2 protein chains.
Amino acid sequence: MPGKQVFRDYLAERGLKSTRQRELILDEFLRCATHPSTEELYLRLRRKYPGIGYSTVHRTLKLFAECGIAAALNFGDGQTRYESSSREQHHDHLVCRSCGAIIEFEDPRIEELQNEVAARHGFHIENHRLELYGRCGKCAGS
Amino acid sequence: MPGKQVFRDYLAERGLKSTRQRELILDEFLRCATHPSTEELYLRLRRKYPGIGYSTVHRTLKLFAECGIAAALNFGDGQTRYESSSREQHHDHLVCRSCGAIIEFEDPRIEELQNEVAARHGFHIENHRLELYGRCGKCAGS
DNA sequence: TTTCTTGCAAAAGCTTTGCACACCG
DNA sequence: CGGTGTGCAAAGCTTTTGCAAGAAA
């Protein structure tokens, strides 16, 4: 569980505290295969731990993003979604406009071309986002 | 002015009306070199035509997006921005996190790899977004 | 005239914040 | 204990909508 340790270290370094809620939220978040919004994660948590507050979930997700174990995403539906970045290498997304499916992919050749473009403009890349919108195999037929 | 004609045709086809406001908003929008948010475009317009309403600007920008002469963008600052898509080919963005500069670029090799990835997943691309976040040449030095 | 559009104000959503109480170290 | 975190409610923002009056066709 590298993500959990990174988070604990981050808290410790800054004099922040490790709490029951933060642990629960992190566990639930890491358990998500999807890209949950604050709302979704909050609802999932509340089923198991009814006392938990929306703001706590919100603030904790921001902490995750700050310490780098999560990344904030926005697929254009007006909600911020978070994805665990500790799982593996960076990846990008295919987003189906019809059924909402999100397929992850990665392609080092694209990344390399991105670096080349950035270099050409004297730009230093910190991160990027690439999303392809359209219809997945199932929906393209219909 | 291909954009203007596309918009007029779009309105005509659907029995919608061409109005003074829609013309003004389109003119101002096409005149923007930047990627204005609804708010920004509204403020610019209001300076010249004080009577204009925010909702009219908002609704008109959505019309532009519907008929394809504009694209909605979201750079993560909580505001939807619009960019004219009639100007030229599709392009992507380098976004400077320090000074806010937005540099446009295009690279057909990246587009081709995107198509390849999509094909591999049986996915049909309708459009995409690629943004590289980091620091521009000026800001990287500081 | 008939239908669509506008501008205002109000409503909706999602995100963020203030505060009193609770908890961690 | 002292300082941080939590949960609730309220506030902020941006986006969206209802409606009466106004403008196209």
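Within every chain, numbering begins at 1; the chains are lettered A, B, ... in the order of the sequence lines, protein sequences first and strands thereafter. These numbers were taken from a predicted model, which means no experiment stands behind them.
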> Tell me the interatomic distance from B:Arg46, atom CZ, to C:dT6, atom P, rounded to whole angstroms.
18 Å

> Can you check the A:Arg59 CZ to D:dA9 C1' distance for me, whole Å?
12 Å

> Which residue pairs pass the salt bridge (Lys or Arg N to Asp or Glu O under 4.0 Å) test with at least one member in residues 67-82 of chain B, sequence neighbours excluded?
B:Glu40-B:Arg81, B:Asp77-B:Arg81

> Which atoms of nucleotides 22-25 of chain D (N or O only) lie under 3.5 Å from a protein N or O atom, and what are those distances?
{"unit_1": "D:dA24", "atom_1": "N3", "unit_2": "B:Lys17", "atom_2": "NZ", "d": "3.1"}

> To the nearest Å, how far apart are B:Leu11 CG and C:dT6 P?
10 Å

> Which residues satisfy the ring-ring contact (aromatic ring centres under 6.0 Å, His included) test with B:Phe29, sequence neighbours excluded?
B:Phe64

> Test of understanding: with side chain to side chain contact (heavy atoms under 4.5 Å, CB included), list the residues that count as partners of B:Ala65, not counting sequence neighbours.
B:Tyr82

> What donor-acceptor contacts under 3.5 angstrom involve side-chain atoms of residues 42-58 of chain B, with partners at least two apart or in another chain?
{"unit_1": "B:Tyr42", "atom_1": "OH", "unit_2": "B:Arg46", "atom_2": "NH1", "d": "3.3"}
{"unit_1": "B:Arg44", "atom_1": "NE", "unit_2": "B:Glu28", "atom_2": "OE2", "d": "3.1"}
{"unit_1": "B:Arg44", "atom_1": "NH2", "unit_2": "B:Glu28", "atom_2": "OE2", "d": "3.1"}
{"unit_1": "B:Lys48", "atom_1": "NZ", "unit_2": "B:Glu28", "atom_2": "OE1", "d": "2.8"}

> Could you give the CZ-to-P distance, from A:Phe64 to D:dG5, as a whole number of Å?
13 Å

> By salt bridge (charged side-chain N to carboxylate O under 4.0 Å, His left out), which residues pair with A:Asp9, not counting sequence neighbours?
none

> Counting only side-chain N and O atoms of A:Arg22, is one of them less than 4.0 Å from OP1 or OP2 of D:dT6?
yes

> Evaluate the salt bridge (charged side-chain N to carboxylate O under 4.0 Å, His left out) criterion for residues A:Lys62 and A:Glu66: first the C-alpha distance (whole Å), next the side-chain angles of each, then the deciding distance (0.1 Å), finally the verdict.
CA-CA 6 Å; A:Lys62 292 194 81 169; A:Glu66 270 173 48; over 6 Å; no

> May I have the distance from A:Glu23 (atom CD) to D:dT4 (atom P), rounded to whole angstrom?
19 Å

> Please enumerate all protein N or O atoms sitting under 3.5 Å from an N or O of nucleotides 12-16 of chain C, with distances to 0.1 Å.
{"unit_1": "C:dC14", "atom_1": "OP1", "unit_2": "A:Gln79", "atom_2": "OE1", "d": "3.4"}
{"unit_1": "C:dT15", "atom_1": "OP1", "unit_2": "A:Thr80", "atom_2": "N", "d": "3.0"}
{"unit_1": "C:dT15", "atom_1": "OP1", "unit_2": "A:Thr80", "atom_2": "OG1", "d": "3.1"}
{"unit_1": "C:dT15", "atom_1": "OP2", "unit_2": "A:Tyr54", "atom_2": "OH", "d": "3.3"}
{"unit_1": "C:dT16", "atom_1": "OP2", "unit_2": "A:His58", "atom_2": "NE2", "d": "2.4"}

> D:dC8 P sits how many Å from A:Ile52 CD1, rounded?
10 Å

> How long is the line joining OH of B:Tyr42 and P of D:dT16, in whole Å?
17 Å

> For B:Arg8, check side chain to side chain donor-acceptor pair (under 3.5 Å) against everything at least two apart and list the hits.
B:Glu23

> Sort and list the pairs that fulfil salt bridge (Lys or Arg N to Asp or Glu O under 4.0 Å) and have at least one residue in residues 122-131 of chain B, not counting sequence neighbours.
A:Arg129-B:Glu131, A:Glu131-B:Arg129, A:Arg135-B:Glu126, B:Arg129-B:Glu131

> Through what angle, rounded to 10 degrees, does the axis of the helix from C:dT1-D:dA25 to C:dG25-D:dC1 turn between its ends, using five pairs per end?
30°

> What is the separation between atom CG on B:Leu24 and atom C1' on C:dT6, rounded to the nearest whole Å?
13 Å

> Start with the C-alpha gap between B:Thr34 and B:Ile102, add the side-chain angles, then the distance that decides, and say whether side-chain contact (heavy atoms from CB on, under 4.5 Å) holds.
CA-CA 8 Å; B:Thr34 59; B:Ile102 295 171; over 6 Å; no

> So which pairs with a foot in residues 109-137 of chain A pass ring pair (Phe, Tyr, Trp, His ring centres under 6.0 Å), sequence neighbours left out?
A:His90-A:His128

> For B:Phe75, check ring-ring contact (aromatic ring centres under 6.0 Å, His included) against everything at least two apart and list the hits.
B:His93

